[in-house]
Amino acid sequence: MAPESIEIKRALVTGASGFIGRPLCHYLQQQGVYVRALSRKISDGPWDEQITATLGENALSPELVEDIDTVIHLAGYAHALDDMDSARVHQQVTVAGTRDLLSIVEQRVQNFLFVSSVKALPAPGQSEPDSDYGRAKHDAEQLVRDTQAHSGLRTIILRLPLVYGPGVKGNLRRMLETIARGRFPPIPEFGNRRSMIHVEDVCAAILLALQNATSGASFTLTDGREYSSREIYLAMCEALGRPPPDWVIPEFMFKYLAYLGDIIGAVIGRRVGFDSQALDKLAGDAVYDNGAAIRDFNFQPQHSLSKALPDMVTAWHERTV
């Protein structure tokens, strides 16, 4: 006999005004959940009330979680920073912010869900994450596990790959913009594979996990598909109505340019526009398995990138008009 689903009535969502936070708050309200939003600035949104604070900087009052049964922790920098202060910023916001939040949560709420990243996992052949962003997410995950172990707080960790959907930011938006302006190079088929997930599937998975997942467990989410960079490029061209060129830049040229970028970066002491790290993001593998989420709380993703791109293009056009 399956265990009874846990009812989520009143939730605090940190990072509520972000790319994932805003649609999550809307989704929760649709499911009858009272939403208290925590964000850095006051704004209108799909929530019942809003509180402003900057995690890692402002002291948090226990009143933040008064009458709340569930905390969904999204707040943090969503992408890697390239400046020299990257490690400090990620540690302050992601690690110290999570520690401060847990300190007022552990004896006051029933459920705590931390939205982490696949970057928190060690890179293949390595013993730890390979970026300041990944290390901060890894450290914050450990704080969540430690709190669960000594307090009995019901905790869940969800690790996300690249998230797509209307209003997407970061590398996917830059790629879409560059293709739209005819400035993205016609890339070859590198043969790489990457996992991704739609923001609406993330929202559905968060509530499903809160209702049904095993306490203390960590899960990786994907849409169940694998994409090559060439497939993403062609799908974006089609959605934008731009026929791709009938020629490609050979793979060896990208490797040569990355090699030059590494040399120049070493000389000037900072990264340049295209180097080995940039090549890895373009041509490297990043494949993950969502099987545990399917088995544990019946996660069933509903979206794919090709079907989502028309809405993503429309949202991008609306923001650039």
Side-chain angles (χ1 to χ4, degrees), residues 19-20 23 78-80 117-119 121 123-124 159-205 220-258 273-291 293-294 299-317 319-320:
F19 170 56
I20 299 175
H79 299 281
S117 167
V118 294
K119 296 293 186 181
L121 299 169
R159 298 190 184 107
L160 306 184
L162 197 61
V163 181
Y164 60 87
V168 69
K169 300 178 181 180
N171 292 331
L172 275 182
R173 186 177 70 180
R174 284 191 288 271
M175 185 175 182
L176 191 66
E177 290 174 343
T178 311
I179 292 173
R181 292 168 180 152
R183 297 175 183 172
F184 198 87
I187 60 175
E189 179 54 77
F190 295 108
N192 66 321
R193 312 306 293 171
R194 306 191 75 87
S195 296
M196 303 168 67
I197 189 169
H198 193 285
V199 64
E200 291 182 8
D201 282 331
V202 173
C203 296
T220 300
L221 302 180
T222 79
D223 65 9
R225 297 168 172 83
E226 297 176 3
Y227 304 89
S228 74
S229 297
R230 174 72 177 176
E231 289 169 345
I232 297 170
Y233 168 72
L234 292 176
M236 286 186 173
C237 287
E238 181 178 355
L240 288 162
R242 293 186 63 94
D246 56 7
W247 58 279
V248 299
I249 297 176
E251 183 175 355
F252 77 85
M253 285 297 299
F254 287 95
K255 293 180 178 179
Y256 179 69
L257 291 171
F274 194 78
D275 58 9
S276 291
Q277 289 187 46
L279 178 60
D280 183 64
K281 289 181 180 179
L282 181 65
D285 290 316
V287 179
Y288 303 93
D289 179 18
N290 66 358
I294 293 172
F299 172 54
Q300 298 293 334
Q302 302 296 311
H303 299 271
S304 67
L305 179 63
S306 59
K307 292 180 179 179
L309 272 168
D311 288 340
M312 292 168 61
V313 169
T314 298
W316 174 72
H317 278 307
R319 293 190 176 202
T320 56

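In terms of modelled atom types and a separation under 3.5 Å, the side chain of D223 and the main chain of P301 share no donor-acceptor contact. With hydrogens and angles ignored, the 3.5 Å screen pairs a side-chain donor or acceptor of R194 with a backbone N or O of G284. Panel note: side chain R225, backbone M196; no donor-acceptor pair is recorded below 3.5 Å. Counting only distance, with no hydrogens or angles, the side chain of D201 and the backbone of Q302 share a donor-acceptor pair below 3.5 Å.
A search for salt bridge (charged side-chain N to carboxylate O under 4.0 Å, His left out) contacts involving R159 returns E141, not counting sequence neighbours. Every residue meeting the salt bridge (charged side-chain N to carboxylate O under 4.0 Å, His left out) condition with E226, not counting sequence neighbours, appears here in chain and number order: R193. Legend: residues meeting ring-ring contact (aromatic ring centres under 6.0 Å, His included) with F299, ordered by chain and number and at least two apart, are absent. For D275, the salt bridge (charged side-chain N to carboxylate O under 4.0 Å, His left out) partners two or more places apart in sequence, or in a different chain, are R271.
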Before giving the answer on side chain to side chain contact (heavy atoms under 4.5 Å, CB included), spell out for M175 and F184 the whole-Å C-alpha distance, their side-chain angles and the decisive distance to 0.1 Å.
-> CA-CA 7 Å; M175 185 175 182; F184 198 87; 3.7 Å; yes
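Applying the salt bridge (Lys or Arg N to Asp or Glu O under 4.0 Å) rule to pairs touching residues 176-191 yields R173-E177, sequence neighbours excluded.
Ring-plane geometry between Y227 and Y164 is classed as perpendicular, the angle between the planes exceeding 60 degrees on a 0 to 90 degree scale with a lower cut at 30.
In terms of heavy-atom proximity, T220 sits nearest to V118 at CG2-CG1, 3.8 Å. Contact detail for L282 and F274: the closest heavy-atom pair is CD2-CE1, 4.4 Å. The two residues H198 and P166 come nearest to each other via the heavy atoms NE2-CD, 4.1 Å. The two residues P161 and Y288 come nearest to each other via the heavy atoms CB-CD1, 4.5 Å. Of all heavy-atom pairs between N192 and D285, the closest is CA-OD1, 3.1 Å.
Proximity of R174 to N171: side-chain heavy atoms (C-beta onward) are separated by under 4.5 Å at one or more points. Between L176 and L172, the closest side-chain pair of non-hydrogen atoms is not below 4.5 Å.
With L221 as reference, L160 is the one residue of N290, I294, L160 to meet the side chain to side chain contact (heavy atoms under 4.5 Å, CB included) rule.
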N/O donor to acceptor pairs below 3.5 angstrom from side-chain atoms of residues 234-258, sequence neighbours left out:
unit_1	atom_1	unit_2	atom_2	d
R242	NE	I179	O	3.1
R242	NH1	A180	O	3.2

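Rounded to the nearest 0.5 angstrom, I187 CD1 and I232 CD1 are separated by 8.0 Å.
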